[in-house]
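Since the structure is predicted, the reported quantities are computational estimates derived from the model, not experimental observations. Ligands are counted one by one from 1 in listed order, and the atoms in each one are counted from 1 as well.
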Amino acid sequence: MIAYITGATSGFGLSIARRLAKEGYNLIITGRRKERLSDLEKELKAKGVDVRVSNYDVRDADAVKNAIDALPEQWKEIDVLVNNAGLAAGLGTIQEGSFDDWNRMIDTNVKGLLYVSRLIAPLMIERRCGHIINIGSVAGKDVYPNGNVYCATKHAVDAISKAMRIDMLPYGIKVSQICPGAAETEFSLVRFHGDKEKADNVYKGYQPLSGDDIADIVAYLVAMPQHVCINDLTVTCLSQANALHFHKK
Ligand code: NDP
Ligand code: 8X3
């Protein structure tokens with residue numbers, strides 16, 4: 001069994017890679033930070049997992065195409081695709097927003113997910129099996145103040161997931177979406193452009209989700225019987241009710 005994970009260098013993607021490796025999957029791990037991919041490759045290979053590193057930026061359509069086209073035939077038999085690579089950049093009003101931040105989010109969260117899916121879905125269709133898992137967000141279900149463009153990209157992931165499920169239906173390919181609430185990863189550090197104090201503040205006064213929590217859910221989804229497809233799963237920590245409401249100490 002082969003799982004293809006985008007954004008495996010930190011957070012959810014890293015935890016999902018480790019977890020699916022434990023479940024017996026061989027892995028194609030992707031991301032921009034080459035050294036982290038090599039470290040993970042070494043770690044997993046030492047445990048007997050077959051790993052292939054694919055180092056590219058999901059915003060670069062040609063790079064995505066070249067990387068997937070270049071996979072040796074046996075690595076093209078992808079059973080699970082986890083479309084995880086993504087980010088928030090900035091938190092502010094529309095009238096003060098940065099074009100650069102907006103482009104990064106739209107190009108990564110929406111277009112990157114589309115490029116990868118466009119190239120891997122035909123491989124799954126050929127084999128009449130596969131499972132695509134898109135990482136959405138509670139930000140794709142509701143909007144919150146200053147979340148505008150990030151929320152828009154995750155609403156797009158929500159729509160794409162529903163539409164993909166229809167497209168994949170005749171071929172027996174499952175499409176699931178996981179929509180997490182606040183989880184402590186590098187997400188906030190990236191959102192606040194490297195400001196660690198601001199990032200740490202996001203997770204004060206409650207226990208957020210972790211990457212491992214999301215990896216457990218992925219493991220559960222892929223273990224369902226062949227005729228069962230979990231379409232959409234929203235998960236928050238106990239202290240969060242939805243994208244807007246927290247109970248913090
Ligand atoms: P991290 O910042 O820890 O991880 C993000 C991953 O995405 C990294 O591996 C990064 O790899 C990869 N990535 C980002 N941009 C690109 C790019 N242009 N090309 C290739 N890879 C890229 O954050 P999370 O683990 O939290 O985020 C993973 C997903 O979960 C995202 O889609 C995020 O929107 C979503 N999410 C996060 C939540 C949270 O609270 N943490 C809650 C709900 C959803 P590299 O930098 O090496 O390229
Ligand atoms: C990440 C969670 O609430 O910061 O998608 O948007 S949130």
Side chains of Ser176 and Cys229: closer than 4.5 Å at any heavy-atom pair? yes
For [X], take its heavy atoms, then give the atoms of ligand 1 lying under 4.0 Å from any of them.
X      : answer
Gly181 : 40 (O), 42 (C)
Gly136 : 43 (C), 44 (C)
Ala182 : 40 (O)
Arg59  : 18 (N)
Pro180 : 42 (C), 43 (C), 44 (C)
Gly11  : 3 (O), 25 (O)

Return a yes/no value for Gln240: is any of its N or O atoms, backbone included, closer than 3.5 angstrom to an N or O of ligand 2? no
With the threshold set at under 4.0 angstrom, would you say Arg191 reaches ligand 2 through any of its heavy atoms? yes
For ligand 1 and [X], I'd like to know whether there is a polar contact (N/O to N/O, distance under 3.5 Å).
X      : result
Gly13  : no
Gly31  : no
Thr9   : yes
Tyr203 : no
Ser137 : no

Full working for side chain to side chain contact (heavy atoms under 4.5 Å, CB included) between Phe12 and Thr185: CA-CA 7 Å; Phe12 295 168; Thr185 61; 3.8 Å; yes
If we set the cut-off at 4.0 Å for heavy atoms, which region of Ala8 has an atom near ligand 1: side chain, backbone, both, or neither? backbone
Lys154 contact mode with ligand 1 (heavy-atom cut-off under 4.0 Å): side chain
Suppose we measure from atom 2 (C) of ligand 2 to each protein heavy atom; which comes out shortest, and what is that distance? Ser137 OG, 3.8 Å
Considering only the protein, which heavy-atom contact is closest to atom 6 (O) of ligand 2, and what is its distance?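 Scanning the protein heavy atoms, the shortest distance from atom 6 (O) of ligand 2 goes to Tyr144 OH, 2.6 Å.
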Please state which option from Pro208, Ala183, Ser10, Gly140 has its nearest heavy atom closest to atom 41 (N) of ligand 1.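 Selected option, by shortest heavy-atom distance: Ala183.
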